[in-house]
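Here the structure comes first, spelled out in C-alpha cells, and everything after it is commentary.
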Amino acid sequence: MTSVAPSLHSDRLLRRLKNSPFLPLAVLHQIQAQILTNASLHNSTSLLSEFLSSCARSRNLPAACLLLKNLRSPIPSTLNHVLRSHAESFSSQQILVLYREMVRQKIPQDRSIFTVMLRACAHEASSVGESLHCQILKLGFVSDLFLMTGLLDSYAKRGCLGPAEKLFDEMVEKDVVACNAMIAALSGNGRTEDARKLFEGMPKKSSASWNSMITCYCKQGNVALAREIFDQNPVKDVVSWNAMIDGYCKIGQLRVAHQLFERMGHARNSVTWNTMMSGYLHQREFGTAISLFREMQMENVKPTEVTMVSLLSACGHLGALNTGRWIHAYICNHHLNIDVVLGNSLIDMYFKCGNIETALEVFRGMPSKNVFCWNSVIAGFGMHGHGQKAIEVFLEMDTTSGIRPDEITFVGLLSACGHSGLIFEGKRYFSQMLGLYGIVPQIEHYGCMVDLLGRAGLLQEALHFIETMTIKPNCVVWGSLLRACKIHKDTKTSEHVTRRLLELDPNDGGNYVFLSNIYALAKRWEDVDTCRAIMIEKGVHKVPGCSSVEVNNMVHEFVVGDTSHPQFEKINIFLLEIERELRNLGYRPGTGSVLHDIEDEEKENAVLYHSERIAIAFGLINTRKMEPIRVVKNLRVCSDCHEAIKFIAKLFKREIIVRDRSRFHHFRDGSCSCQDYW
DNA sequence: GTAGGGTTAG
C-alpha cells in the first residue's frame, strides 16, 4: 500500500468515482478492497456514499452488498441515500436485498424509502410489493396517503384489482393521485364504465386523470371515444399526445398517428418516437422504423432501451446484421441497461441474422433470463436446423432453470424437431405437452406436427393426424401437408388437400396456383385452363422473389427480373461464368426442382436469374475473400438454386448463409447445414 | 398517478 495520507487517498478515490459514471467491475472491486482494508477510508461517509452510488449506476448489486456487509459499523445515512437516489437503477429483487440488509443492520426505516421501493415494484409488476405491504402494516404507516397510493398502484400493476379496490375503499382521504391510480387499475382490468364514473365524480382533475381516461378507451379499442376525451382535455401534455398516438397505432391507423406526431413538432420526447417506431414495426414496416430512428437522432432525442428493442426487432426481421451489431455496440457504449427484454431482443436479432455464436454469448451472459429468452434460443437453434441443440436447451430449461415452458416454447421445440427430421422426438414432446406440462396444443402446434410428419414423407399419417384433430384445421395446416405432397410427389393426395384448402378459403388465389400446377403435372390440361381462368378472374397476386445482401454496411436488394442495378451487366457475365464452372464440377440445372418449388411462378424465369443467385454473385464480386456472404430471401430457396449454391460455396471457398422464408441454410464446402432436408 | 419494449407453426 502506498503511504499517502488517508484524507488525500480518500479524495483521490472520491474523484475517481465521481469522474467516471461507469466503472468496470475490476476497478470497483479494487476500490472496494482499498476501502475495506483502510480504516480511515472506512469511516468516510461521503466516500462510501459515492461508492454505493457508483455501484448503483453500474447496476452492480453484489459489490454494493459486499461493502455493506463488511462495514465494521453500519452507516444508516449511506444506505438510505443510495436507496432513495438510485432505486430506479436496481430491480425490485435487488432493492429487497438492500432492504433486508437495512433491516439486518437495524437501520431506521422511514416512509419515503417505502415509497421509492413500491414504485420500483409497480414498475416491474413485482410481487415483492406484498412483502413490503406486510412491513408497512407492521410499522404502522397505514395512514400515509402516499404510501397507500403506492401500494394500491403496485397491486394494480400486477392485475390484483381486488386488493387495490379494498385499499382504495379503506382510504379515508382520497386525493387526485389516488383516484388516478384507481382509474388506471380499473381500466387495466377492462372496467371502463367504473373508471369513467370515478373520473366524472372527481371534483378536481389533473392532467394524469385525463390521460388515464384516454388510455382506458384506447385499451378498450374505442379510439374515437379516446379522441373525444383528448379533444376535451384542457391540460394536454406530452403524455396525452403520446397516449393518443399509441391508440391510433394499435388499431393500425398509422396515417392518423403520424399526423399527430407531425403536429407535435419539437414537443416530441423519446416515448413519442418509440411509440411511432413500434407502430411501424407492428405494421411490418421495418425499414420505416429504422429511418425513424435516424430522424430521432438528428433531432437529438436520446434513444432509450425501449428504442433499442424496437430497432433490434426491425433488424431481426430484415436480417440486417451490421445494423444490429451497430445497435449492440451503441447499447454498450452508452451503458444502456441490458435487462431481460433488451437481452432477449439481442438474442433474437443475432439468431435471425444468422450469428448463432453471439446470440449464445448474450444468452449465457444474462444474469437473469425469463421464458422469452429460453424460447428465443430454442426457436433460434430450430431455424438453423440444430434440432438436437434445441432439445438440449429445452431440457436445460425444464430441469435447471426453474422457468416453466409455455406454449411458445413448444412451438419452437416442435418446429425445431420438424426442421431436423427428429420425428420420434417431435411426437414425444407433442404427446407430453398436455400431460406433463399442462399446455393444451393449439393450432400452431398441430401445424408443426403436420409439417414434421409431412416433410418426413409420412403423408398418410399426416392426413390422418389432420382428420382426427380436436380443433378445426386452418389453411396453414393444410398448406403444410400440400407442400409435403409436392416434395414427395404425391399428386393424388395433393389434389385432395388442395380441394380442402379451397373449401376453407375460396378467395385465396394462391391455392389455385397449386391446383393448376398439380393438374399440369398430371397433364390434365383442361383442368389447368379452368384453374387459370379462375386465377385471372380472382386476380392472383404473385409475390416476386427478392433477396438482399449486406455489403459494406449497405443493404442491396435484388428483385427477380429487375435489371436496374448499376452492376447488372457485370453480375450477369459473372453468373454465366459461374454457371460454366459449375457444370464442369458436375452441377446440372433443373434436376428435380420442379416439384420442390412452392412459388412455381418463379420457375418460369430462368433459374439462373433467381434473386438469391444475383445477390450471391454481387456479394462475391464486392466482398473480400473469406468473408461470409449473408443473403436474406423473402421466399423459399428453390432446390435448384440450393444445389447450385452448394457448388458455389465449394468453388469460391466461401461460407454462404442464406435465410429464406422459413429457415437458415449455411453453405460450406459443397454442402448445406440443412442436409437437404427442408 | 398518466405514454413507449421482446419470443409464435408454413
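Here is how names work: the chains are called A, B, and so on, in the same order as the sequence lines, proteins then strands, and each is numbered from 1.
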Heavy atoms from C-beta onward define the side chain here; which of B:dA9, B:dG5, B:dA3 lies closest to that of A:E444? B:dA9

Distance-only donor-acceptor test (3.5 Å): side chain A:T304, base B:dG4: yes

With a 4.0 Å cut-off on heavy atoms, is A:V340 in touch with a base, just the backbone sugar-phosphate, or nothing at all? base

So does A:R364 pair up with A:E396, basic N to acidic O under 4.0 Å? yes

Picking from B:dT2, B:dG6, B:dA3, which would you name as closest to the side chain of A:A243? B:dA3

Considering only heavy side-chain atoms of A:N269, the closest of B:dA3, B:dT2, B:dA9 is B:dA3

Reckon A:K157 has a side-chain N or O less than 4.0 Å from the OP1 or OP2 of B:dT2? yes

Nearest-Å distance, CG (A:L413) to P (B:dT8)? 15 Å

Could you check whether the side chain of A:N474 and the base of B:dG10 have a donor-acceptor pair of N or O atoms closer than 3.5 Å, going by distance alone? no

Measure from the side chain of A:D153, starting at C-beta and using heavy atoms only, and say which of B:dA3, B:dT7, B:dT2 lies closest. B:dT2

Nucleotide nearest A:F372 when distance is taken to its side chain, options B:dA3, B:dG5, B:dT7: B:dT7

Please report the distance, rounded to the nearest Å, between CD1 in A:I347 and P in B:dG6. 15 Å

Atom-pair distance (CD1 on A:I331; C1' on B:dG5), nearest Å: 12 Å

Quick check on B:dG5: is either OP1 or OP2 less than 4.0 Å from any side-chain nitrogen or oxygen of A:K250? yes

For A:N242 and A:T275, which I'm curious about, is there any donor-acceptor pair between the side chains at under 3.5 Å? no

Picking from B:dG10, B:dG6, B:dT2, the nucleotide nearest the side-chain atoms of A:R636 would be B:dG10

At 4.0 Å (heavy atoms only), tell me whether A:D339 reaches a base, stays on the sugar-phosphate, or touches nothing. base

Counting only heavy atoms not in A:R263 (residues, nucleotides, ligands), do more than 12 fall under 6.0 Å from its CZ? no

For a quick check of understanding: with a heavy-atom distance under 4.0 Å over all strands, which category does A:S270 fall into, base, sugar-phosphate or nothing? base

Nearest of B:dA9, B:dA3, B:dT2 to any side-chain atom of A:N211? B:dT2

A:V309 has its side chain closest, among B:dT7, B:dG4, B:dG5, to B:dG5

Could you work out which one of B:dA9, B:dG5, B:dG10 sits closest to the side chain of A:V411? B:dA9

Pair A:K427 + A:E461, salt bridge at N-O below 4.0 Å: yes

Looking at every strand, decide which applies to A:T149 at a 4.0 Å heavy-atom threshold: base, sugar-phosphate, or nothing. nothing

Can you check the A:L312 CG to B:dG6 P distance for me, whole Å? 11 Å

The nucleotide from B:dT8, B:dG4, B:dA9 with an atom nearest the side chain of A:K352 is B:dT8

According to a strict under-4.0 Å criterion, is A:S313 in side-chain N/O contact with OP1 or OP2 of B:dG6? no

Determine whether A:R325 and A:Y350 satisfy the following criterion, side chain to side chain donor-acceptor pair (under 3.5 Å), listing intermediate values before the conclusion. CA-CA 9 Å; A:R325 278 185 182 140; A:Y350 278 120; 5.4 Å; no

Regarding B:dA3, can its base be found pairing with the side chain of A:N274 as donor and acceptor, where the two atoms are less than 3.5 Å apart? no

How would you label the contact of A:L342 with the nucleic acid (heavy atoms, under 4.0 Å): base, sugar-phosphate, or nothing? base

Would you mind reading off the distance between A:M449 atom CE and B:dG10 atom P, rounded to a whole angstrom? 13 Å

Between P on B:dT8 and CD on A:Q442, what's the gap in Å once rounded to a whole number? 16 Å

Under 4.0 Å, counting only non-hydrogen atoms across every strand here, what does A:S480 touch: a base, just sugar-phosphate, or nothing? sugar-phosphate

Base, sugar-phosphate, or nothing for A:V176, non-hydrogen atoms under 4.0 angstrom? base

Does A:R404 make a cation-pi contact with A:Y437 (under 6.0 Å, within 45 degrees of the axis)? no

Have a look at A:N370 and say if it touches a base, only the backbone sugar-phosphate, or nothing, with a 4.0 Å heavy-atom cut-off. base

Are OP1 or OP2 of B:dA9 and a side-chain N or O of A:H419 less than 4.0 angstrom apart? no

To the nearest 0.5 Å, what is the distance between CG on A:L281 and OG on A:S313? 4.0 Å

Value in whole Å for how far the P atom of B:dA9 lies from CE of A:M433: 14 Å

How long is the line joining CD1 of A:I443 and P of B:dG10, in whole Å? 13 Å

Under 4.0 Å between a side-chain N/O of A:H282 and OP1 or OP2 of B:dG6, yes or no? yes

Can a side-chain donor-acceptor contact be found between A:H419 and A:Y677 if the only test is distance below 3.5 angstrom? no

Do any side-chain nitrogens or oxygens of A:R663 fall under 4.0 Å of OP1 or OP2 in B:dG10? no

Has the side chain of A:N375 got a donor or acceptor atom sitting under 3.5 Å from an opposite partner on the base of B:dG6? no

